[in-house]
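Here the structure is laid out as C-alpha cells; the discussion comes afterwards.
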Amino acid sequence: MDLANYERVYKLGMKEYRNKTMHGQWPYLWVLDDILANTNVLKEVNLGLVDIPLDQIRGTKTAGRTNAFASNFMPLLPFDSEFAYKWAQLYESHMEEGIHDPIKAYEFMNQFYVLEGNKRVSVLKSVGAVSVPGTVTRIVPKPDDSEENRIYYEFMDFYDKTAINYINLSQLGSYPALLKAINVEKAEDFTEDVRMQFQSNYIKFTGAFQKKGGNKLTISPSDAFLLYLELHDYGNLRTISTEELMKELDKIWNDFVYFPEKPAVKLIMDSDPTAAKTPLVKKILPQNLMPATNVAFIHTKTVESSSWTYGHDLGVSHLNNALGDQVEIHSYFGADSPKEEAECFEQAITDGNTIIFTTSAKLVGTSMKYALDYPKIHFFNCSLNTNSKYIRTYYGRLYEAKFLIGALAGVLSTTNELMYLADYPIFGGIASINAFALGARMVKPDIKVYLKWPNLNSERQDELLRDVHVSLACGTDFIRPDAVNQRFGLYDPNEKGQDSLATPVWNWGVYYEQTVRSIINGTWKSDTSGDKNETLNDWWGLSSGLIDVICSKTLPPDTVRLIKLLKQGICSGEFDPFAGMRYTKDGTHYVKVTDRLTSEQIITMDWLAENVIGFIPTMDELSEDAKTIVEVIGVDKVKDEEPDRPASENQS
C-alpha cells in the first residue's frame with residue numbers, strides 16, 4: 001500500500017495542529033455532543049439524503065475520533081497505524097471509483113458533524129471535493145433573543161423554501177432579503193429550473209469574486225453575493241459575462257472590504273448659503289455662453305394621484321422660476337414598478353440629465369444601481385438614514401414643525417384628547433408623533449394624543465380608538481389639487497368643512513434651488529471630510545426654510561406670536577423639542593436628563609412618548625402599499641412579526 005498521499009495529508013494535519021495550538025485555539029475537530037451539553041434543544045428533524053458542503057463540516061457527533069484529525073479534517077495518526085492503512089486504501093478506491101456511500105451526519109446551526117464517515121470526509125477534503133452525500137438529522141435549538149439564534153431561524157425558513165444549505169449569511173435579516181432578491185416567497189416558487197439557475201448564478205458570482213481576491217477578505221462569498229444583489233438585479237447574472245461581472249465588482253469592492261461596517265452617515269443639518277453663491281469667474285462670463293444643465297425628477301406617482309408628488313412638483317416649479325434658462329427640467333412620473341422604474345431612469349439618462357432627483361424612498365435601490373453605472377451623474381434620493389455613499393439623500397426635520405403644531409393644539413384644545421394620523425412607521429416618522437405629543441403636553445400637561453394609522457389593517461387599533469372623542473386632529477401635510485373634502489394639518493374633526501388651523505409645509509424648492517445652483521457654480525461638495533466610505537444625508541429643518549408652519553388667519557394673534565417665538569428658539573438652536581427626554585431600553589418608562597437626544601436617536605426613534613395612546617404597528621398589520629415604503633426605511637421595531645409588548649398602550 002502506497003502511503004505517499006497519507007504522508008502528504010498528515011503533514012497538512014500537523015501544520016494545522018501546530019498553527020491552532022500556537023494561537024491558543026482548539027486544534028481538533030469540534031464535538032457536537034459537547035456543544036449540545038450547553039444548548040437548549042427544541043427538537044430533532046430528519047432531513048433525509050442531503051448534499052453536504054464539505055466546507056461546512058465542522059467536526060464529529062461524538063468524541064470517539066476527535067484526536068485522529070486536525071481541525072481541517074487532515075489525519076494526525078502515525079504512518080504505521082491501522083488508521084493510516086485504511087485511509088490510504090480509501091483514497092485509492094476513491095481515485096479509481098469515487099466515493100458514493102452517503103455519510104451520516106447531524107446539522108446544527110447550519111454546520112455539520114459526522115456520525116459515520118469521518119475518513120470519507122477526510123479523503124474528499126484532501127482532493128478538494130466540494131460536497132458529499134449524507135443522511136442528515138437537524139438539531140433545532142429553542143428560540144431565544146441571541147442574534148445567532150435568530151439568524152439560524154431565518155436560515156431554516158430559507159431552507160424550507162429552497163432546500164439550499166450552502167448559503168451562509170452572517171447578518172440578521174439577510175436570508176429574507178435574499179429570498180426577496182431572487183423573488184421567492186414560498187417553496188412552490190423555487191422550481192427545479194429556478195434552483196439550477198440560482199446555483200449557476202451563485203457559482204458564477206463566487207468564481208468572479210474569488211478571482212478578484214475575495215478569498216483574502218473576511219467577508220464570506222454568501223454575504224458578498226447578497227451585497228451585490230442589493231445593488232444589481234439578480235436576473236442580470238444569467239447573461240452577464242465573468243469579465244463584465246468583475247468590472248461591476250470593482251465598483252463596489254470597498255463595500256466588501258469594509259463589511260459588515262456600513263458607510264459612516266454624516267448629516268448636513270442646514271443649508272449652506274455660501275455654496276449657492278456664484279464664483280467671480282462665472283459672474284464675468286456671459287451667461288448665454290453657459291449651456292443649460294439638464295435636471296431630472298423621477299416620481300413614483302403622478303401629481304393628480306399623490307399629494308407627496310404634488311408637493312415635490314411645486315418645488316420643481318420653484319427651481320424652474322429661480323434658475324430660468326440655466327436649467328432644462330425633465331419630469332418623469334409613474335415609476336411605481338420595476339419595469340416603470342427602469343424605463344424612467346433609462347429615459348432620464350438618454351435625455352442627457354446630469355442631475356437626477358428621485359422623490360421617493362422606494363427608488364433608493366434603483367438610484368444606487370444607476371449611480372454605480374453612471375458615476376458622473378449626480379443622484380439624489382428623498383429619504384432619511386440611507387446608508388449609501390453612491391448617492392446623496394435629502395429629507396426635512398419635520399418633527400420641528402410637528403412640535404409647533406402640537407403646542408398650538410394644546411393651546412386650542414377644549415379637551416384633554418387629541419388625535420394624530422400617522423402615515424408610516426418610518427425613520428423620522430415616530431419622532432414627529434412624539435414631538436407633536438410633547439408640544440401639546442408643554443402647554444397642557446394632562447393632554448393625551450391618540451395615535452391612528454390610516455394605512456393599517458388591525459383590529460387592535462379599532463379596539464383602542466373605540467369611543468374616543470377628540471377635540472383636534474393632526475392629519476396629512478399635503479392635499480392633492482383634485483382632493484374633495486380632504487382634511488389636512490391641524491383641524492377640528494367635529495366641524496364640517498376643510499378649515500385648517502395650521503399645517504406644516506415642505507418647501508422642496510428651497511432645497512432644489514440651492515443644490516442645483518451650487519452644482520452649476522462648481523461649489524457643491526460631494527463629501528465633507530474626504531472619507532470615501534462616508535454617506536451624506538441632507539436633513540434640513542425650520543432654519544433652512546425647507547420646513548415651515550403656516551397658521552390660519554383666524555387664530556388669535558397672541559397664540560400665533562407664541563408659535564413664532566417657539567419657532568425662533570428652534571431655528572436659533574436655543575430650544576430643542578426633545579431636550580431632557582430619555583427612555584429605558586425597553587421603553588417602559590422615561591427619565592428627565594439635561595442632555596439632548598442625538599440626531600441618530602431622533603431618526604431611529606422606535607418608542608412613543610408617555611402621553612401617546614397607541615402602538616407602532618408590525619409589518620403584518622400594514623397595508624400592502626405601506627409595506628413597500630416601510631421595507632426600505634421602516635424603524636427596526638416594525639421588522640418584528642409581533643412586538644415584545646403592546647407598545648405603549650401608554651395609558652398612564
Side-chain angles (χ1 to χ4, degrees), residues 53-56 128-131 158 162 164-171 174-175 177-184 193-264 338 341-342 345-346 349-350 356 363-379 381 386-391 526-527 530-535:
L54 281 166
D55 62 0
Q56 289 172 226
V130 175
S131 62
F158 176 83
T162 65
I164 285 177
N165 57 16
Y166 54 82
I167 296 292
N168 284 281
L169 298 168
S170 64
Q171 305 298 301
S174 290
Y175 284 105
L178 180 56
L179 287 172
K180 183 178 179 182
I182 64 176
N183 199 29
V184 171
D193 287 344
V194 174
R195 177 191 306 280
M196 295 300 293
Q197 188 60 54
F198 179 87
Q199 186 176 34
S200 174
N201 289 347
Y202 186 68
I203 290 173
K204 178 189 287 186
F205 174 84
T206 53
F209 179 69
Q210 300 292 14
K211 192 173 181 180
K212 279 198 58 63
N215 57 326
K216 297 178 183 178
L217 304 179
T218 57
I219 186 174
S220 71
S222 296
D223 283 322
F225 183 60
L226 178 59
L227 198 155
Y228 171 83
L229 292 182
E230 289 174 352
L231 297 168
H232 296 87
D233 291 329
Y234 173 68
N236 291 344
L237 285 170
R238 181 192 290 264
T239 56
I240 193 172
S241 68
T242 300
E243 291 71 24
E244 291 172 323
L245 178 56
M246 291 178 69
K247 289 179 182 178
E248 290 187 343
L249 296 183
D250 262 332
K251 298 173 184 177
I252 59 173
W253 195 253
N254 277 344
D255 291 357
F256 300 141
V257 172
Y258 289 111
F259 183 87
E261 293 181 17
K262 295 289 187 180
E341 283 181 30
F345 275 84
E346 291 291 344
I349 290 165
T350 300
I356 297 179
L363 301 175
V364 65
T366 309
S367 300
M368 286 189 283
K369 293 173 185 177
Y370 277 89
L372 281 169
D373 292 334
Y374 299 93
K376 293 184 179 180
I377 297 178
H378 298 290
F379 282 89
N381 176 257
T386 299
N387 236 198
S388 173
K389 60 182 178 289
Y390 304 112
I391 62 174
S526 59
D527 63 70
D531 184 358
K532 292 188 179 298
N533 198 41
E534 178 183 76
T535 178

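As a basis for the values below, the full set of heavy atoms in this structure was taken, side chains included, without hydrogen atoms, waters or symmetry mates.
With hydrogens and angles left out, the side-chain atoms of Tyr234 and Asn183 include no donor and acceptor closer than 3.5 Å. Between the side chains of Ser241 and Glu244, at least one donor N or O sits under 3.5 Å from an acceptor N or O. In summary, the side chains of Asn165 and Gln56 do not present any donor paired with an acceptor at a separation below 3.5 Å, with no hydrogens or angles considered. Between the side chains of Gln197 and Asp193, not a single donor N or O lies within less than 3.5 Å of an accepting N or O.
Between the side chain of Ser222 and the main chain of Ile167, no donor-acceptor pair closer than 3.5 Å is present. Counting only distance, with no hydrogens or angles, the side chain of Lys204 and the backbone of Leu237 share a donor-acceptor pair below 3.5 Å. Checked by atom type and distance alone, the side chain of Ser174 pairs as donor or acceptor with a backbone atom of Gln171 at under 3.5 Å. Side chain of Arg195 to backbone of Thr162: a donor-acceptor contact under 3.5 angstrom is found.
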Practice prompt. Mind running ring pair (Phe, Tyr, Trp, His ring centres under 6.0 Å) on Tyr228 and Phe209 for me, showing each step along the way?
Written response: CA-CA 10 Å; Tyr228 171 83; Phe209 179 69; over 10 Å; no

Item to complete: Starting from the C-alpha separation in whole Å, work towards a yes-or-no answer on side-chain contact (heavy atoms from CB on, under 4.5 Å) for Leu372 and His232.
Response: CA-CA 9 Å; Leu372 281 169; His232 296 87; 3.9 Å; yes

Practice prompt. Could you go through the side-chain contact (heavy atoms from CB on, under 4.5 Å) check for Tyr370 and Leu363 one step at a time?
Written response: CA-CA 11 Å; Tyr370 277 89; Leu363 301 175; over 6 Å; no

Practice prompt. Evaluate side-chain contact (heavy atoms from CB on, under 4.5 Å) for Thr218 paired with Phe259, printing each intermediate quantity in order.
Written response: CA-CA 8 Å; Thr218 57; Phe259 183 87; over 6 Å; no

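Here CD1 of Ile252 is found 10.5 Å from CG of Asn254. Values are rounded to the nearest 0.5 Å. Atom OG1 of residue Thr366 and atom CG of residue Asp233 lie 7.5 Å apart, to the nearest 0.5 angstrom. Here CD1 of Ile219 is found 6.0 Å from CZ of Phe256. Values are rounded to the nearest 0.5 Å. Note that CD1 of Ile377 is 4.5 Å distant from CD1 of Ile356, once rounded to the nearest 0.5 Å. Note that CG of Asp255 and CD of Glu261 are 11.5 Å apart. Values are rounded to the nearest 0.5 Å. To the nearest 0.5 angstrom, Asn215 atom CG is 5.0 Å from Gln210 atom CD.
No side-chain heavy atom of Tyr166 sits under 4.5 Å from any side-chain heavy atom of Ser131. A heavy-atom distance below 4.5 Å is found between the side chains of Glu248 and Ile240. Between Phe205 and Leu249, the closest side-chain pair of non-hydrogen atoms falls below 4.5 Å. Looking at Thr535 and Lys262, their side chains never come closer than 4.5 Å, going by heavy atoms from C-beta outward. You'll find the side chain of Ile182 stays beyond 4.5 Å of the side chain of Asn201, heavy atoms only. Side-chain atoms of Tyr390 and Phe379, non-hydrogen and from C-beta on, never get closer than 4.5 Å to each other. Residues Leu227 and Asp223 are not in side-chain contact: their nearest non-hydrogen atoms beyond the backbone lie 4.5 Å or more apart. Using a 4.5 Å heavy-atom threshold, the side chains of Ser367 and Phe345 count as touching.
Across every non-hydrogen atom of Thr206 and Pro221, the tightest pair is CG2-CB, 3.7 Å.
Note on ring orientation: taking the six-membered ring where Trp is involved, the planes of Phe198 and Phe225 are perpendicular (angle over 60°, cut-offs 30° and 60°).
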